[in-house]
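Notes to accompany the following structure.
One-based numbering along the sequence shown.
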Amino acid sequence: MSVFPQLSTNPEVREHLRNVYTNNELVCECGADEADLVFEALLCCLSHPPLFTCLRASTHLHSLQDIQLRLQQHLAQQERSPSVYTHPQLPDVLLLPVHGPRPVDPLASEVIVGAQCGNAVLRGAHVFTPGILSTPKYMKVGEVVSVFSDVEGKCTRGAKEFKGKKVFLGNGISEVDRSEIFSSDGPGKGVAIRMTEPLYQSPSFDGVLTDQLFLQNLPSVVVGHVLGPRPGERILDMCAAPGGKTTHIASLMGNQGTVVALEKIRSKMEKIIQNAKMLQLDCIKAYCCNSVLIMDLCVFVDGPPYPEESFDRILLDAPCSGLGQRPNMSYSWSLKEVCSYQPLQRKLFTTAVRLLKRGGVLVYSTCTVTLAENEEQVAWALKTFPCLTLEPQVPLLGSEGMSGAGLSHDQRRLLQRFRPELAWRGAGVPHSPESLLQNANADTIGFFIAKFIKR
């Protein structure tokens with residue numbers, strides 16, 4: 001059900017996306033009218049949260065059933081008893097339905113938050129102080145307020161009211177005075193508004209069972225399974241922050257072998273180490289290194305540079321335009337920025353092929369919806385590297401690859417593209433847990449996966 005405006009983008013970006021979703025191949029397959037309707041569904045679904053919150057369980061430490069029970073007990077202590085489902089195809093995933101939109105009425109007292117903060121609220125977070133842009137002039141602790149998202153980035157920090165375009169997210173209780181939020185010493189870091197009546201209800205998982213659960217989008221969990229890591233192997237995660245996929249790979253290996261995680265920003269690399277320690281995974285070796293330079297300029301003791309054919313499996317979860325992320329009501333990047341990722345992805349891919357052993361597996365993934373960063377990259381890779389062949393993916397929970405990049409139907413069937421717009425295009429109301437779970441694989445973020453073997 002659509003309650004928010006469509007994803008707001010630069011007009012050039014919108015036209016670029018429209019051209020992707022109404023390309024000649026697609027129009028020939030489904031017709032111009034249907035292609036337009038699917039594109040409109042895409043813009044609608046991207047501004048809303050997915051149907052489920054997905055939690056990856058640390059099954060290298062505990063059984064899924066034990067973790068499920070502990071989570072249910074924790075939620076009961078919060079006086080919340082949402083259903084906690086196991087995923088029917090993924091043995092390390094728990095799913096919690098996101099309830100919404102709920103019937104919540106806005107109040108007179110308004111707090112305005114930035115778009116990124118607003119997106120987090122729609123996924124179950126409370127409002128933290130740095131995300132607040134505007135509050136009532138005399139807001140005090142304990143005041144009940146309505147929270148709105150500034151979807152166009154027009155609200156001035158410290159404003160006492162805002163008349164621009166805003167979207168209602170729900171109601172909450174202030175835990176700080178206005179003076180603490182806009183202090184001359186800078187904003188604090190804690191919770192400022194505790195959400196009591198969110199429009200979309202999902203439990204907050206801040207600090208919850210941190211050694212047993214990892215909050216992760218469902219397609220991101222699928223990537224680890226598709227890679228298929230085995231105990232004792234040497235595996236490379238080329239763009240690893242914040243470490244969700246890295247720690248999943250290590251968990252699937254039973255913490256036996258080596259997972260090399262690379263991240264060029266030191267603070268993000270340190271986050272990978274922190275997550276590995278929290279999940280008791282000591283087979284992960286993280287380095288602050290630009291993956292493009294991993295064979296040449298990065299020098300570490302027992303680390304990079306690496307010679308050719310050093311790794312059994314490589315994950316390239318590539319930097320991308322991020323146009324599949326949900327919820328996202330406003331996308332501010334220019335078309336030039338959107339199109340800037342393809343050359344970088346190809347440099348990383350070339351390095352990955354060189355580092356992969358013969359017979360090894362390379363998985364390429366993105367969280368975007370463009371052809372240029374997904375199917376076109378596959379077509380380029382197959383033409384550029386004759387040693388690579390596409391391989392079937394297990395599990396296969398998404399749709400096949402999109403038309404428009406010159407790939408054959410057989411090749412597209414080997415790709416995996418998560419397309420929430422298709423779920424929205426044929427949306428019905430689930431009436432049972434079984435019908436609800438059937439939508440778990442469809443109503444996700446937008447995501448793409450390709451699996452190659454080096455012959």
Subject >> Spatial distance of atom SG (Cys54) from atom CD (Gln216) [nearest 0.5 Å] >> reply: 7.0 Å
Original post:
Does a donor on one side chain sit under 3.5 Å from an acceptor on the other, for Thr135 and Arg178?
Top reply: yes
Original post:
Do the side-chain N and O atoms of Ser321 and Glu337 include a donor-acceptor pair separated by under 3.5 angstrom?
Top reply: no
Original post:
What orientation do Tyr287 and Tyr306 show, parallel under 30°, tilted 30 to 60°, or perpendicular over 60°?
Top reply: perpendicular
Original post:
Counting only heavy atoms not in Gln116, do more than 12 sit closer than 6.0 Å to its CD atom?
Top reply: no
Original post:
Measuring from Leu37:CG to Trp424:CH2, what's the distance to the nearest 0.5 Å?
Top reply: 15.0 Å
Original post:
Is any side-chain heavy atom of Pro91 less than 4.5 Å from a side-chain heavy atom of His225?
Top reply: yes
Original post:
Side-chain contact, heavy-atom cut-off 4.5 Å: Arg102 with Gln201?
Top reply: yes
**OP:** Flag the pair Cys288 / Ile265 as yes when at least one side-chain heavy-atom distance between them is below 4.5 Å, and no otherwise.
**Re:** no
Original post:
Is a donor on one side and an acceptor on the other found under 3.5 Å between the side chain of Gln393 and the backbone of Ile449?
Top reply: yes
**OP:** Give the C-alpha distance, both sets of side-chain angles, the deciding distance and a yes or no for side chain to side chain contact (heavy atoms under 4.5 Å, CB included) between Ile67 and Leu94.
**Re:** CA-CA 9 Å; Ile67 296 173; Leu94 297 174; 4.1 Å; yes
Original post:
What distance do Ile132 atom CD1 and Glu180 atom CD have between them, rounded to the nearest 0.5 Å?
Top reply: 11.0 Å
Subject >> Side-chain donor-acceptor contact under 3.5 Å, Asp92 with His60 >> reply: no
Original post:
Hey, does the side chain of Ser174 reach the backbone of Ile193 with a donor-acceptor pair shorter than 3.5 angstrom?
Top reply: no
**OP:** State whether the side chain of Asp211 and the backbone N or O of Met278 hold a donor-acceptor pair below 3.5 Å, judged by distance alone.
**Re:** no
**OP:** Begin from the C-alpha positions of Asp66 and Ser63 and carry the test side chain to side chain donor-acceptor pair (under 3.5 Å) through to its verdict.
**Re:** CA-CA 5 Å; Asp66 285 347; Ser63 73; 3.2 Å; yes
Original post:
Is a donor on one side and an acceptor on the other found under 3.5 Å between the side chain of Thr351 and the backbone of Lys347?
Top reply: yes
**OP:** Kindly give the heavy-atom pair with the smallest separation between Cys155 and Asp150, and that separation in Å.
**Re:** N-OD2, 2.9 Å
Subject >> Donor-acceptor contact below 3.5 Å, side chain Thr246 vs main chain Ala261 >> reply: no
Original post:
Around atom CD of Glu152, are there more than 12 heavy atoms of other residues, nucleotides or ligands at under 6.0 Å?
Top reply: yes
Subject >> Residues Arg313 and Asp237 bridged, charged N to O under 4.0 Å >> reply: no
Original post:
How long is the gap from CD on Gln6 to CZ on Phe39, to the nearest 0.5 Å?
Top reply: 7.5 Å
Subject >> Within-4.5 Å side-chain heavy-atom neighbours: Leu75 and Val208 >> reply: no
**OP:** Heavy atoms only: give me the nearest Ser109-Glu143 pair and the separation to one decimal.
**Re:** OG-OE2, 3.0 Å
Original post:
Parallel under 30°, tilted from 30 to 60°, perpendicular over 60°: which one fits the rings of Phe168 and Phe148?
Top reply: tilted
**OP:** Measure centre to centre between the rings of Phe448 and Phe418, then say whether the value is under 6.0 Å.
**Re:** no
Subject >> Shortest non-hydrogen contact between His48 and Phe4, atoms and distance >> reply: NE2-N, 3.1 Å
Original post:
Can Gln345 and Glu373 be counted as having a side-chain donor-acceptor contact under 3.5 angstrom?
Top reply: yes
Original post:
Does any N or O in the side chain of Thr247 come within less than 3.5 Å of the main-chain N or O of Ala276, such that one atom is a donor and the other an acceptor?
Top reply: no
Original post:
Taking the side chain as C-beta and beyond, is there a heavy-atom pair between Arg123 and Pro327 under 4.5 Å?
Top reply: yes
Original post:
Do NZ/NE/NH1/NH2 and the carboxylate oxygens of Glu263 and Lys268 come within less than 4.0 Å?
Top reply: no
**OP:** Compare every heavy atom of Leu348 with every heavy atom of Val292, then report the nearest pair and how far apart it is.
**Re:** CG2-CD2, 3.6 Å
**OP:** Would you sort out whether Ser334 and Asn10 count as a side chain to side chain donor-acceptor pair (under 3.5 Å), showing the intermediate values?
**Re:** CA-CA 6 Å; Ser334 67; Asn10 178 302; over 6 Å; no
Subject >> Expected output: side-chain Arg417 to main-chain Glu375 donor-acceptor under 3.5 Å >> reply: no
Original post:
Under 3.5 Å, is there a donor-acceptor pair linking the side chains of Asn19 and Arg14?
Top reply: no
Original post:
Roughly how far, to the nearest 0.5 Å, is the CG atom of Leu199 from the CG atom of Leu169?
Top reply: 7.5 Å
Original post:
Do Lys336 and Glu12 meet the salt-bridge criterion of a basic N to acidic O distance under 4.0 Å?
Top reply: no
**OP:** Might you point out which heavy atoms bring Met253 and Ile235 nearest each other, and give the distance in Å?
**Re:** SD-CD1, 3.6 Å
Original post:
To the nearest 0.5 Å, how far apart are CD in Gln280 and OG in Ser58?
Top reply: 8.5 Å
**OP:** Please confirm whether the backbone N or O of Met195 pairs with a side-chain atom of His126, one donor and one acceptor, at under 3.5 Å?
**Re:** yes
**OP:** Please step through salt bridge (Lys or Arg N to Asp or Glu O under 4.0 Å) for the pair Lys245 and Asp317, ending with a clear verdict.
**Re:** CA-CA 9 Å; Lys245 298 179 186 70; Asp317 185 50; 3.1 Å; yes
**OP:** Spell out, as yes or no, whether a donor-acceptor pair under 3.5 Å connects the side chain of Asn439 to the backbone of Asp443.
**Re:** no
Original post:
Is the NZ or CZ atom of Arg56 positioned over Phe214's six-membered ring, under 6.0 angstrom from the centre and within 45° of the axis?
Top reply: yes
**OP:** Give a yes or no on whether the backbone of Pro395 and the side-chain of Gln416 come within a donor-acceptor separation of less than 3.5 Å.
**Re:** yes
Subject >> Side-chain heavy-atom pair Cys339, Leu335 within 4.5 angstrom cut-off >> reply: yes
Subject >> Over all atoms of both residues, closest heavy-atom pair of Cys283 and Gly257 >> reply: CB-O, 3.3 Å
Subject >> N-O pairing of Glu40 and Arg18 below 4.0 Å >> reply: yes
